[in-house]
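To start, the structure under review is shown below, and the notes come after it.
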Protein chains: 2
Amino acid sequence: MVKITDVARHAGVSPSTVSYALSGKRPISEETRRRIEDSIRELGYRPHAGARALASSRSNVLALVVPLRTGIHVPVVMQFAVSVVTAARRHDHDVLLLTQEEGEDGLRRVADTALVDALIVMDVQLHDGRLPLLRRLDRPSVLIGFPAEPDGLTCIDLDFGAAGELCVEHLAGLGHRVVGLVGSPPEVYVRETGFAQRVVRGFTTAADRNGIASSVHPCEADPAAARQVAERLLRERPALTGVVVHNEPVLEPLIDAFEALGLRVPQDLSVTAICPDELAGRVRVPVTSVAIPAAEVGTGAVELLMRKLDGTPVPRATLLPPRLTVRASTRPR
Amino acid sequence: MVKITDVARHAGVSPSTVSYALSGKRPISEETRRRIEDSIRELGYRPHAGARALASSRSNVLALVVPLRTGIHVPVVMQFAVSVVTAARRHDHDVLLLTQEEGEDGLRRVADTALVDALIVMDVQLHDGRLPLLRRLDRPSVLIGFPAEPDGLTCIDLDFGAAGELCVEHLAGLGHRVVGLVGSPPEVYVRETGFAQRVVRGFTTAADRNGIASSVHPCEADPAAARQVAERLLRERPALTGVVVHNEPVLEPLIDAFEALGLRVPQDLSVTAICPDELAGRVRVPVTSVAIPAAEVGTGAVELLMRKLDGTPVPRATLLPPRLTVRASTRPR
DNA sequence: TTCCCCCGTCGAAGCGCTTCGACGACCCGC
DNA sequence: GCGGGTCGTCGAAGCGCTTCGACGGGGGAA
C-alpha cells in the first residue's frame, strides 16, 4: 500500500505538504502542487479512509435509513436512494445503507462509532420513536417527511398537503362537483405516516373551499381491493365524476375497475394521481398527476446535510411545491 | 467521547485488556471480563470505527453495487439490497451503497481507500468491464449473476437455465406441445445479461428435449408491448397453449392481452413465470412460477464473502436450484 | 534600509484502536 | 521441589493521516 509518506518522499516534500495540497486547507505553490499531483498519479496513491477519519474526525460517509414496510412504493424508495447516493458523491461522500429494522440502535451505532458524519432518515412517522434520539445525537440529520413535532429537526419533502389541494383544484376548475380520494392502505394511516394524512387534509380542505362533495377511501395495494373501492365509491356517490388516487399500485387496476363498471376515463370520470411521473405516463390512459419528485427530495436532503456539516444554517422545513402535469385522464365535466 | 482508555481506567485494567475482552482474541478471566463489560455499559463506550479500521485494517463494511439500468425489476433489486444489509449485520458488518453509474472508479475507490473490506456486485453482464478489475483487486468480491468467464471469481445466482427448463418441463408434463417464451426487453439481451440468456437457453433446450415447438420473444416492459407480443405469438403459432414469462412488469398485462384475444387462462392457455413469488401470487390469476429467491441470493452472497474474508475457501459458483410453485394459471391440455 | 507580515513549507504530536512480545503467577508431571 | 507450559494481563509500538505551531524568505510600506 502506498501512503502519504511515499508520495511526500517521491515529490520531495513533507507529508503535511501533501496533505495540504490535497485538502486545500493551506496555500501551496503551483509548482509544488503539480509535483505532488504527479507523484500521486504515478504511485497510484489513495488516502486510507480509516486513517483519514481518525485524524480528521470526518468519515465522509452519510447514513441512509430506508423503510421496509408494506404500503410504501418500492420504486420510489429506490429513486430516493439512488439520488441520495449520486448527490452524496458530488460532495465526495459515500452512503451507508441502513434498514429501518435496525431502528434506533442502528442510528445510535453508526453515529456513536463515528462511522458516519450525518444521517438521512426516510419514511418518518408523525410520532416517530426515533425523533428524540435524532435530536439528541451529536451528528446532523435530515428527515424525508414531516413528523408532528419537527422542532429541532430538519425536514424536507414534497408538500403533500398542497399536492392534495392541487388535484382537487384541477378537478374543480374542470367543473367537477363530486370527487373521491383513493388513498394508501389503511395501515399507512394507522401508522400515522405524515404524508398520507397531509394529502387527505389538503384534499378535504380544497374540496370544502370549493363547495365540492368529497369522500376519502383508504385502499389496499391490490387489484381486488381497487375493484371494491370503485364499487363502493359509486354506490355511495352515484354522481361521482372525479377521483384523486394516492396509491401507486392500484392506479391502473382502479381505472380498469371503473371502466368495468361502465365509467370511461376520462369521458365519464376524471382521474388524477399523486405518483411518480414515470408511472403516470405508462398507464393505459396516461394520468394527470402531481409528481413525487423523489430525485429532488433526495438531492435536497443531501444538500441540506452538507450545509449543516459545514455549519451553515439551514431552514427547518423544506416543502417542495407540487407540480401537476395534465395528461389524458381528466377533462371538463 | 468515551474511549478505550476511559473504559480501561474505570475497570482498572489496561487498554489492551479491554480490546482483548472485546475481540475475544486472547483469553480474559471471567471476572475481569465482567468488570470491563460493566464499565462499557456504564460509560456508554463505542469503539471509534475509523480508529479500529486503521489499527486492524478491517473496516467491517461491505460495498454493494446496485444496477440502475432500465429493464431490471426494481423491487427485486431492493429485496437483494435489504437481504444483503440484514445478512451483513448478522456478521457485524455494514453496507456501503454504490450505484453502477460510478462504475469501475467507484469500485477502485472504495477498495483502495480501504473503505470497505469486500464487495458484492449485482447485475453482472456476460462480458462485464469490471471483471478484470475485480480479479485484480486485493479485496474479495462476490458477483450476483454469472459472467461468461467466471474464472478467478466467486458467483452466486438462481440457476436461471434450470429455471427456464423447469417451466418447460412443467408445461410438457401437462401435455403442452407448443410454447412461447416472453422474455425481457431487447436491450437486456443486447447488453448480454447472463440470466436472461440462460433462461432462453434452458427454455429452448427443454423444449427441444421434449419435442416441443417453441419460440422466443423479447418484450418491452409496458402493456402495449405485451399486447403486441401476444398478438404476434398467436399469429405465428396458432396452436400455442403454453407461455413462459420472464418479465415482471408485463406478466399481468400479458394475461389481460391473451384474454382479450379470446384465450382464457388457464382454460385455453397455461402461463408460467419466472418472477418473485410475491408478484406471482397477486396477479388476477395467480401464476404458476419459479421464484426469484432474492433474499437467499443476497444472504448467500454475504455468507460467501464472510468466508472469503476469514480465509475459508468457497465454491467458485453457487447456483440455487429453481423451485416451481403450482398456482392457478396452468392446467393439462 | 528596516520592519512586518504573509506565503509556503516543515516537524511533531496525536487521533483511538489493535497487536506483539513480555512477564508474572500458577499448575502439572516427574 | 523443580522445569516447562499455560493463562491472564500489561506496555509500547504502530496503523496512516491531519493539524498546529513554527519558521525562513521575500515583498511592501514606511
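Letters A, B, ... are given to chains in the order of the sequence lines, protein chains preceding strands, and every chain is numbered from 1. This structure is a prediction, so every number in the text was calculated from the model and none was measured. As a basis for the values below, the full set of heavy atoms in this structure was taken, side chains included, without hydrogen atoms, waters or symmetry mates.
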Between B/Asp94 and A/Arg109, does at least one N-O distance fall below 4.0 Å, as a salt bridge requires? yes
Side chains of A/His127 and A/Glu149: is there a donor and an acceptor less than 3.5 Å apart? no
Using C1' atoms of five pairs at each end, report the bend of the helix from C/dT1-D/dA30 to C/dC30-D/dG1 rounded to 10 degrees. 30°
Can you tell me if the side-chain N/O atoms of A/Thr5 get under 4.0 Å from OP1 or OP2 in D/dC17? no
Closest to the A/Ser14 side chain, choosing from D/dC17, C/dG11, C/dC17: C/dG11
Contacts under 3.5 Å, N or O only, protein and nucleotides 21-23 of chain C:
{"residue": "C/dG21", "atom": "N7", "partner": "B/Arg26", "partner atom": "NH2", "Å": "3.2"}
{"residue": "C/dG21", "atom": "O6", "partner": "B/Arg26", "partner atom": "NH1", "Å": "2.2"}
{"residue": "C/dG21", "atom": "O6", "partner": "B/Arg26", "partner atom": "NH2", "Å": "3.4"}
{"residue": "C/dA22", "atom": "N6", "partner": "B/Arg26", "partner atom": "NH1", "Å": "3.4"}

Hey, which of these two, B/Ser16 or B/Gly50, hits DNA chain C nearer its 5' end, going by closest nucleotide? B/Gly50
For B/Arg52 and C/dT18, give me the distance from atom CZ to atom C1', rounded to whole Å. 9 Å
Student check: side-chain heavy atoms of A/Arg316 and A/Pro150 closer than 4.5 Å: no
Report the residue (A/Met1 or A/Lys25) whose heavy-atom-nearest nucleotide on DNA chain D is the more 5′ of the two. A/Met1
Sugar-phosphate only, base, or nothing, as touched by B/Pro47 at under 4.0 Å among non-hydrogen atoms: sugar-phosphate
Has A/Glu101 got more than 12 heavy atoms of other residues, nucleotides or ligands less than 6.0 Å from its CD? no
Contacts of A/Ser83 meeting side chain to side chain donor-acceptor pair (under 3.5 Å) (sequence neighbours excluded), chain-then-number -> none
Taking B/Asp38 first and then B/Arg41, would you say they form a salt bridge - that is, a charged N and a carboxylate O separated by under 4.0 Å? yes
From CZ of A/Arg9 across to C1' of D/dG16 the rounded distance in Å is 13 Å
By side chain to side chain donor-acceptor pair (under 3.5 Å), which residues pair with B/Gln125, not counting sequence neighbours? B/Thr193
So, are B/Arg35 and B/Glu31 salt-bridged, with charged N and O less than 4.0 Å apart? yes
May I have the distance from B/Arg58 (atom CZ) to C/dG16 (atom C1'), rounded to whole angstrom? 19 Å
Taking the side chain of B/Ser56 as heavy atoms from C-beta outward, which of D/dT18, C/dT19, C/dC17 is closest to it? C/dT19
Of the candidate nucleotides D/dT9, D/dG16, C/dT9, which contains the atom at the shortest distance from the side chain of A/Ile28? C/dT9
Name the closest nucleotide to the B/Thr17 side chain, picking from D/dT9, C/dG8, C/dT19. D/dT9
Using the closest heavy atom to pick a nucleotide of DNA chain D for each, name whichever of B/Pro15 or A/Leu22 lands nearer the 5' end. B/Pro15
Hits for ring-ring contact (aromatic ring centres under 6.0 Å, His included) against B/Phe80, two or more places apart or cross-chain, chain-then-number order -> none
Nearest to side-chain heavy atoms of B/Val13, which nucleotide of C/dT9, D/dG8, D/dC10: D/dC10
With a 4.0 Å heavy-atom cut-off, tell me which residues in residues 35-46 of chain A come close to DNA chain C, sorted by residue number. none
Side chain of B/Ile4 - closest among C/dT18, D/dT19, C/dG8: C/dT18
